[in-house]
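Note that these values count all heavy atoms, side chains included, but never hydrogens, waters or copies made by symmetry. Numbering starts at 1 and runs along the sequence shown.
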Amino acid sequence: MKNNLFGYTLEKLQNELVLSEFKKFNATQIYEWIYQKRQLDFELMTNLSNPLKNHLEETFSLDLLPVITKQTSFDGTTKFLFKLVDGYSIETVLMTHDYGLSLCVTSQVGCSMGCTFCASGLKKKTRDLEVSELVSQVTSVEQLLGIKITHVVVMGTGEPFDNYDNVMEFIRVINENHGLAIGQRHITVSTCGIVPRIYQYAKEPIRSNLAISLHASNDDLRTRLMPINKRYPLKEIIQACKVYFEETSRRITFEYILLKGENDSIQHADELSDLLRGLNAYVNLIPYNVVQEFSHEKTDVSRAMAFYDRLTKRGIIATMRKEQGTDIDAACGQLRMKTDKE
Ligand code: SAH
């Protein structure tokens, strides 16, 4: 079987080529062809020698993920359903912002974290996505629409820190200057709080952004909403975030879904601001997107504003996340995996 070239970092490709008696700089040329000139036919990579083209042809494939469906929301958000080789399918969401085009990438087939508000966790994880499947989400969308993705958020289905090595390798590929060149500050990884991986992430040479799905201001509440909190309670998460901040000096985003009557009172806002004090935190308040299978309700606007005001009054920087793509089930927490049988 040929190896999918989308799974290769520049360094890995250089090593492979040198082992096969080609030159290190050939890897750079190939990267530029694939990612910058969007040429996926080895034969047409005109500055490569014939022996090298033959070697590439024999060794590598450049298969993109095939699209099953593409839906566009009235607000321009587009959701893609991609087919994987083993019959599963995954969802990827493209969002238009005033600062550019942002792609929300899926990291696993299903998710085993079991958050009680998220459709992605309704089916347990079947497997991790390969590096090539992560990269292909970006390249497929770029090729299909003839666009340039400027921002990537690993916030689709799955827990990226439960597929840590592949997600980091993915970041190395898309960050590469000779390739997609997506800047480290334009890449964000969101986690439900796998503490040992937060420490590991703090040491990564590529300083992509960290977002923590917090959603609660105390352990009782968080454990009810997110079972992972039993394993990694708030105190440990906050401690890891402190170390991350000391190490990287990067502001951390804390995501907080407002759930009516559950975590949205003024007392909760006070508790949350105490919890985050001194952290250079940024709170992203998220309107709850309805998922049929769950009984949570969305906080109404006036209460959400009161929560926001209270946080900012107590010195916590906060924003309200804009809802995008709810009409096509493409919003946060609405992505699902599907199988051939459905
Ligand atoms: N597993 C990672 C990556 C998924 S990110 C994580 O937990 O961070 C998806 C984001 O959408 C998370 O912040 C998640 O908590 C949020 N989310 C999940 N269900 C939602 C819903 N129904 N409404 C709004 N946001 C939701």
Original post:
Sequence neighbours excluded, which residues qualify as ring-ring contact (aromatic ring centres under 6.0 Å, His included) partners of Phe82?
Top reply: Phe80
Original post:
Are Tyr199 and Tyr244 close enough that their ring centres sit under 6.0 Å apart?
Top reply: no
**OP:** Taking all heavy atoms of Leu275 and all of Ser217, pick out the closest pair and write down the distance.
**Re:** CD2-O, 4.2 Å
Original post:
Side chains of Ser190 and Glu255: is there a donor and an acceptor less than 3.5 Å apart?
Top reply: yes
**OP:** Determine yes or no for a side-chain-to-main-chain donor-acceptor pair under 3.5 angstrom, with Glu297 supplying the side chain and Leu259 the backbone.
**Re:** no
Subject >> Residues in side chain to side chain contact (heavy atoms under 4.5 Å, CB included) contact with Gln36, at least two apart in sequence or another chain >> reply: Glu32
Original post:
So which pairs with a foot in residues 260-291 pass ring-ring contact (aromatic ring centres under 6.0 Å, His included), sequence neighbours left out?
Top reply: Tyr288-His296
Original post:
Can you name the side-chain hydrogen bond (donor to acceptor under 3.5 Å, both in side chains) partners of Arg303, sequence neighbours left out?
Top reply: Asp264
Original post:
Does the separation of the ring centres of Tyr31 and Tyr8 fall below 6.0 angstrom?
Top reply: no
**OP:** Tell me, please, which residues at least two apart from Lys23 pass side chain to side chain contact (heavy atoms under 4.5 Å, CB included).
**Re:** Phe25, Asn26
Subject >> Crowding at CZ, Arg185 (>12 non-hydrogen neighbours, <6.0 Å) >> reply: no
Original post:
Side chain of Asn4, backbone of Asp63: donor and acceptor closer than 3.5 Å?
Top reply: yes
Subject >> Intermediate values then yes/no, side-chain contact (heavy atoms from CB on, under 4.5 Å), Thr78 and Val93 >> reply: CA-CA 6 Å; Thr78 304; Val93 178; over 6 Å; no
**OP:** Indicate yes or no: does Lys53 engage Glu58 in a salt bridge with an N to O separation below 4.0 Å.
**Re:** no
Subject >> Nearest atoms (heavy-atom pairs only) where Phe6 meets Ser136 >> reply: CD1-OG, 3.9 Å
**OP:** Please name the residue in the list Ile238, Ile198, Thr253 that meets the side chain to side chain contact (heavy atoms under 4.5 Å, CB included) test with Ile212.
**Re:** Ile198
Original post:
With no hydrogens and no angle check, is any side-chain donor or acceptor of Asn166 less than 3.5 Å from a backbone partner on Leu129?
Top reply: yes
Subject >> Selection residues 219-234 - residue pairs positive for salt bridge (Lys or Arg N to Asp or Glu O under 4.0 Å), sequence neighbours left out >> reply: none
**OP:** Kindly give the heavy-atom pair with the smallest separation between Ile149 and Val138, and that separation in Å.
**Re:** CG1-CG1, 4.1 Å
**OP:** To the nearest 0.5 Å, tell me how far Glu91 CD sits from Leu81 CG.
**Re:** 5.5 Å
Original post:
Partners of Tyr99 by side chain to side chain contact (heavy atoms under 4.5 Å, CB included), sequence neighbours excluded?
Top reply: His97, His151
Subject >> Atom pair OG1 (Thr299) and CZ (Phe307), whose distance is rounded to the nearest 0.5 Å >> reply: 8.5 Å
Original post:
How far apart are the closest heavy atoms of Ile237 and Tyr232, and which atoms are they?
Top reply: CD1-O, 3.5 Å
Subject >> All side-chain hydrogen bond (donor to acceptor under 3.5 Å, both in side chains) counterparts of Asn209, not counting sequence neighbours >> reply: Thr188, Arg250
**OP:** Can you see which heavy atom on Gly100 is nearest to which on Thr150, and at what distance?
**Re:** CA-OG1, 3.5 Å
**OP:** Nearest 0.5 Å please: distance from the CG atom of Leu210 over to the OG1 atom of Thr248.
**Re:** 8.0 Å
Subject >> side-chain hydrogen bond (donor to acceptor under 3.5 Å, both in side chains) between Thr319 and Asn284, intermediate numbers included >> reply: CA-CA 5 Å; Thr319 50; Asn284 197 194; 3.3 Å; yes
Original post:
Can Glu169 and Thr9 be said to form a side-chain contact (heavy atoms from CB on, under 4.5 Å), step by step?
Top reply: CA-CA 7 Å; Glu169 198 82 335; Thr9 59; 3.5 Å; yes
Original post:
Ile174 versus Ile187: any side-chain heavy-atom pair under 4.5 Å?
Top reply: yes
Subject >> Residues that Thr139 engages under side-chain hydrogen bond (donor to acceptor under 3.5 Å, both in side chains), provided they are two or more places apart >> reply: none
Subject >> Pairs touching residues 126-145 that satisfy salt bridge (Lys or Arg N to Asp or Glu O under 4.0 Å), sequence neighbours left out >> reply: Arg38-Glu142, Asp86-Arg127, Lys125-Asp128, Arg127-Glu133, Glu142-Lys148
Subject >> Selection residues 269-292 - residue pairs positive for salt bridge (Lys or Arg N to Asp or Glu O under 4.0 Å), sequence neighbours left out >> reply: Asp270-Arg310, Asp270-Arg314, Asp274-Arg277, Asp274-Arg314
Subject >> Side chain Ser140, main chain Leu65, donor-acceptor under 3.5 Å >> reply: yes
Original post:
If two hydrophobic side chains count as joined below 4.5 Å and joins carry through other members, does Leu64 share a cluster with Leu84?
Top reply: yes
Original post:
From Phe294 CZ over to Cys115 SG, what is the distance, rounded to the nearest 0.5 angstrom?
Top reply: 9.0 Å
**OP:** Walk me through it: do Leu285 and Leu311 pass the test side-chain contact (heavy atoms from CB on, under 4.5 Å)?
**Re:** CA-CA 10 Å; Leu285 296 172; Leu311 282 184; 4.3 Å; yes
Subject >> Leu56/Leu48 under side-chain contact (heavy atoms from CB on, under 4.5 Å): CA gap, chis, key distance, verdict >> reply: CA-CA 10 Å; Leu56 295 175; Leu48 307 185; 3.7 Å; yes
Subject >> Heavy-atom pair with the smallest gap, counting every atom of Ser120 and Thr157 >> reply: OG-OG1, 3.3 Å
**OP:** Indicate yes or no: at least one non-hydrogen side-chain atom of Glu16 is less than 4.5 angstrom from one of Thr59.
**Re:** yes
Original post:
Are Gln108 and Asp162 close enough, and set up right, to give a side-chain hydrogen bond (donor to acceptor under 3.5 Å, both in side chains), and what steps lead you there?
Top reply: CA-CA 9 Å; Gln108 298 180 312; Asp162 186 38; 2.9 Å; yes
Subject >> Asp41 backbone acceptor or donor facing Gln39 side chain under 3.5 Å >> reply: yes
**OP:** Check whether the ring centres of His55 and Phe22 lie less than 6.0 Å apart, and answer yes or no.
**Re:** yes
**OP:** Let me see the working for Glu247 and Arg207 under salt bridge (charged side-chain N to carboxylate O under 4.0 Å, His left out), right down to the final yes or no.
**Re:** CA-CA 10 Å; Glu247 194 83 38; Arg207 293 269 154 91; 5.1 Å; no
Original post:
How long is the span from the CG atom in Asn263 to the OH atom in Tyr256, to the nearest 0.5 Å?
Top reply: 3.5 Å
**OP:** Measure the OG1-CD distance between Thr106 and Gln137 for me, rounded to the nearest 0.5 Å.
**Re:** 5.5 Å
Subject >> Check: Ser208 main-chain N/O paired with Gln184 side-chain donor or acceptor under 3.5 Å >> reply: no
Original post:
Below 6.0 angstrom between ring centroids: does that apply to His215 and Phe117?
Top reply: yes
Subject >> salt bridge (charged side-chain N to carboxylate O under 4.0 Å, His left out) partners of Glu11, counting only residues at least two apart >> reply: none
